[in-house]
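Scroll down for the structure; my scribbles are underneath it.
One is the number of the first residue; the rest follow in order along the sequence.
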Amino acid sequence: MVDTSSSRPYHIVIFGASGFTGQFVVEEVARIVSEGPNGTLKWAVAGRSRQKLDKVLEQAAGALGKPELRTAVEVIVADVGEPDSLAAMCKQAVIVLNCVGPYRFWGEPVVKACVENSAHCIDICGEPQFLESMQLNYNSQAADKGVYIVGACGFDSIPADMGVLYTREQFKGTLTAVESFLTASTGPEGGSLNDGTWKSAIYGFADSGKLRSLRKKFGHKPLPVVGSKIKRRYRGLCQYAVPFMGADPSVVKRSQRFLLEEHQETPVQYGAYAGVGGVANIAKMLFAGMMFWFLVKFDFGRNLLIKFPEFFSFGFFSKDGPTRKQMECSSFQFAFYGEGYTEGQDPSQGRPNAKIRTLVQGPEAGYVATPIAMVQAAITILNEPTALPKKGGVYTPGAAFSRTTLVERLNKHGIQFSVI
């Protein structure tokens with residue numbers, strides 16, 4: 001059970017608050033304090049440098065016109081390399097929002113400290129290897145302690161995971177397959193992502209063999225396929241599309257497995273794609289992709305990729321990340337195309353006979369939508385403890401929040417779910 005009583009000084013502690021994404025999570029928490037339990041939210045910021053944390057609070061105070069943030073928000077000094085400092089931080093929090101990545105290097109000590117000190121933990125990780133190894137190594141301990149560890153609660157992978165569940169909820173019958181097509185738009189100033197995400201991708205692709213051996217340790221049987229088996233495609237939404245290389249397919253599959261095992265719900269097959277526009281963009285992507293695949297296999301190549309993110313990603317990633325102006329003009333859209341069987345039809349007989357199309361759309365993905373999703377996930381845990389899974393554990397967003405009002409909360413904050 002989630003204890004939101006006064007036994008701990010803070011409902012939320014933002015760890016890594018002075019990092020590039022952390023600073024925007026701070027601003028989002030400051031905006032929604034009235035949504036905490038009984039209309040209030042007690043929160044603090046944490047990280048290695050008190051000076052940097054003070055600076056982030058100063059910046060948030062200016063950006064939001066809330067001068068009280070400079071003095072009203074507590075600062076906790078904690079470092080992933082110092083377990084005692086992490087334990088002291090976790091003892092003070094109902095939920096830790098962990099913004100310190102790449103998670104493959106810095107994530108496990110935080111999960112361990114949260115489990116041992118009975119704090120729930122939410123992260124915005126898009127690294128399947130980390131997410132799945134935490135499930136393998138900490139799920140039973142978290143269950144024993146009644147602790148909820150919920151990974152991938154940013155743009156990776158709340159829009160996709162909750163989007164599949166929303167599509168199933170809206171479908172009248174048995175939904176059997178969904179394909180999503182992601183498109184992102186920028187304004188006249190363009191856009192980019194901070195190179196932290198780029199580094200995570202580099203290490204993830206370099207280690208893809210380890211992910212395969214990790215998955216074997218679970219001993220899972222393949223999920224049953226209901227309806228027609230979905231095939232890979234390369235065109236959608238009036239433009240060319242490529243298979244989406246992020247965490248979404250792995251996260252959605254884990255959610256579908258949980259819902260089958262815990263609630264006997266028919267698993268939905270999922271295919272994820274990203275729209276890449278016209279032929280010129282495809283040529284660019286092929287060139288960048290071949291360079292990336294070649295270089296990521298060698299130490300010297302990885303060092304080059306890390307040193308020159310803008311060059312190797314055609315400006316998509318940069319050390320500085322986007323400006324606020326670029327963020328204001330950017331947005332994303334997921335279009336979900338689902339198929340299944342109408343009520344009364346037997347899914348084991350014949351081909352699917354009904355379709356559905358839904359949208360999840362929202363503001364700039366990395367630093368506007370991600371903080372909204374992360375913070376609303378925390379608010380949902382605080383306000384709807386009885387709607388969470390019966391016991392603690394390491395969960396995906398879909399597994400943790402399938403019975404909650406998270407989608408409605410996101411709708412109110414600019415991440416919109418709708419049926420077309």
Review point. How many angstroms lie between atom CD1 of I379 and atom CD1 of I32, to the nearest 0.5 angstrom?
Key: 3.5 Å
Check your understanding: Do you know which of F181, F336, F244, F334 makes ring pair (Phe, Tyr, Trp, His ring centres under 6.0 Å) with Y273?
Key -> F181
Practice item. Without swapping roles, check the side chain of Q333 against the backbone of Q361 for a donor-acceptor pair under 3.5 Å. Key: no
Check your understanding: Donor-acceptor pair, Y367 side chain versus N194 backbone, under 3.5 Å?
Key -> yes
**Study point:** Over 12 non-hydrogen atoms of neighbours within 6.0 angstrom of CZ in R48
**Key:** no
Check your understanding: Step by step, would you call F15 with V110 a side-chain contact (heavy atoms from CB on, under 4.5 Å)?
Key -> CA-CA 9 Å; F15 181 52; V110 182; 3.7 Å; yes
Check your understanding: Would you find a donor on one side and an acceptor on the other, under 3.5 Å apart, between the side chain of D195 and the backbone of F317?
Key -> no
**Study point:** Electrostatic pair K210:E127 at N-O distance under 4.0 angstrom
**Key:** no
Point to revise | E68 side-chain N/O to A72 backbone N/O, donor-acceptor pair under 3.5 Å | key: no
Practice item. Specify the closest pair of heavy atoms between A63 and R324, including all atoms of both residues, with the distance to one decimal. Key: CB-NH1, 4.2 Å
**Study point:** Donor-acceptor under 3.5 Å (S318 side chain, P309 main chain)
**Key:** no
Exercise for review: Measure across V56 and Q23 and return the closest heavy-atom pair with its distance rounded to 0.1 Å.
Suggested key: CG1-CA, 4.1 Å
Check your understanding: When you look at D79 and V77, which way does the side-chain contact (heavy atoms from CB on, under 4.5 Å) test go after all the steps?
Key -> CA-CA 7 Å; D79 186 335; V77 175; over 6 Å; no
Exercise for review: Decide yes or no on salt bridge (Lys or Arg N to Asp or Glu O under 4.0 Å) for E28 and R31, but give the supporting numbers first.
Suggested key: CA-CA 5 Å; E28 187 58 27; R31 280 188 197 99; 2.8 Å; yes
Review point. Any donor-acceptor pair under 3.5 Å linking the side chain of K217 with the backbone of L136?
Key: no
Exercise for review: Using a strict 4.0 Å threshold on nitrogen-to-oxygen distance, state whether E384 and R409 make a salt bridge.
Suggested key: yes
Point to revise | Non-hydrogen side-chain atoms of D123 and L131 separated by less than 4.5 Å | key: yes
Review point. Is a side-chain donor or acceptor of S157 paired with a backbone partner of A160 at a separation under 3.5 angstrom?
Key: no
Review point. Nearest 0.5 Å, what's the CD-CD distance between E74 and Q92?
Key: 7.5 Å
Practice item. Please report the shortest heavy-atom distance between T21 and G366, naming the atom on each side. Key: CG2-O, 4.2 Å
Check your understanding: Ring centres of F292 and W198 under 6.0 Å apart?
Key -> yes
Review point. Between W106 and N98, does a side-chain contact (heavy atoms from CB on, under 4.5 Å) hold up when you go through it step by step?
Key: CA-CA 10 Å; W106 316 117; N98 182 17; over 6 Å; no
Review point. Mind checking whether Y138 and E108 have side chains closer than 4.5 Å, heavy atoms only?
Key: yes
Point to revise | Q376 and E35: side chain donor to acceptor below 3.5 Å | key: yes
Review point. What's the verdict on side-chain contact (heavy atoms from CB on, under 4.5 Å) for S118 and R8, showing C-alpha distance, side-chain angles and the deciding distance?
Key: CA-CA 11 Å; S118 300; R8 294 192 173 213; 3.7 Å; yes
